[in-house]
Amino acid sequence: MSQHHNGKRLAVFVSGSGSNLQALLDVERTDATWPGKLVLVVSDKPACYAIERAKQAEVRVFAASPKSFADKAAYERAILDALKSADVDWLVLAGYMRLIGPTLLSAYPDRIVNIHPSLLPAFPGAHAVRDALAAKATQTGVTVHLVDEGVDTGPVLEQVAVDINPDMTEEALLERIHHVEHELYPRVVRRLLVRD
Ligand code: GRF
């Protein structure tokens, strides 16, 4: 249990636009009671927009394509070195489009959290919003869960439902889901850090 503000050190993992990264950066900047410090952004996509956000906020970045390593274990060992040297306590996945392997899972047991745009176990995988629309679901949502070796499996921490209107476009649904995510993720991460 940390009595200090900014006690727990976070790494946020990204592959894309990084709007959830931004929500975490914003809460840290504006909320004096925030119990974490974002010390590293990790990306498998060296050109993604999330990295611009990290640089803007002057957060350290580890960005490398897994293709430049011999195999996934070597890639994750390089990430682990960066995590260790930044003294990271928690891994926060925010649009990181890659499965976490045994190297990182065993180094951070029950300390890796993910956000997914559906009410898991419904619609796992990379196209959850599109899949919910294609299935003509009347409701979808957002799930925050601990990460295990599966694709969007692992214990659910919290879920928020989002209604789907019959004539809703994918763009409109994505916008509503992002809105929910940007409130939900900082809230659940805060709870994890405070209880840690
Ligand atoms: C979010 O919808 C998240 O649920 C999913 O990937 C998306 C990332 O968006 N895992 P962003 O990069 O945070 O804007």
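The figures here come from the full heavy-atom set of this structure, side chains too, leaving out hydrogens, waters and symmetry mates. Order of appearance sets the numbers: ligands from 1, and atoms from 1 within every ligand.
When each of P121, P124, P117 is paired with D152, the side chain to side chain contact (heavy atoms under 4.5 Å, CB included) condition holds for P124 and for no other.
Listed by chain and residue number, the protein contacts of ligand 1 are S17, G18, S19, N20, G95, I115, H116, P117, H178, E181 (heavy atom within 4.0 angstrom).
For the pair G36 and L193, the tightest heavy-atom approach, listed with the atom from each and the gap, is CA-CD1, 3.7 Å.
A donor-acceptor pair is defined here as one N or O able to donate and one able to accept, closer than 3.5 Å; no such pair exists between the side chain of E170 and the backbone of L133.
Counting heavy atoms of neighbouring residues, nucleotides and ligands inside a 6.0 Å radius, atom CG of D110 does not exceed 12 of them.
Of the charged side-chain nitrogens involved, none lies within less than 4.0 Å of a carboxylate oxygen, so that D163 and R176 do not count as a salt-bridged pair.
Checked by atom type, the side-chain pair R53/S19 shows no donor-acceptor distance below 3.5 Å.
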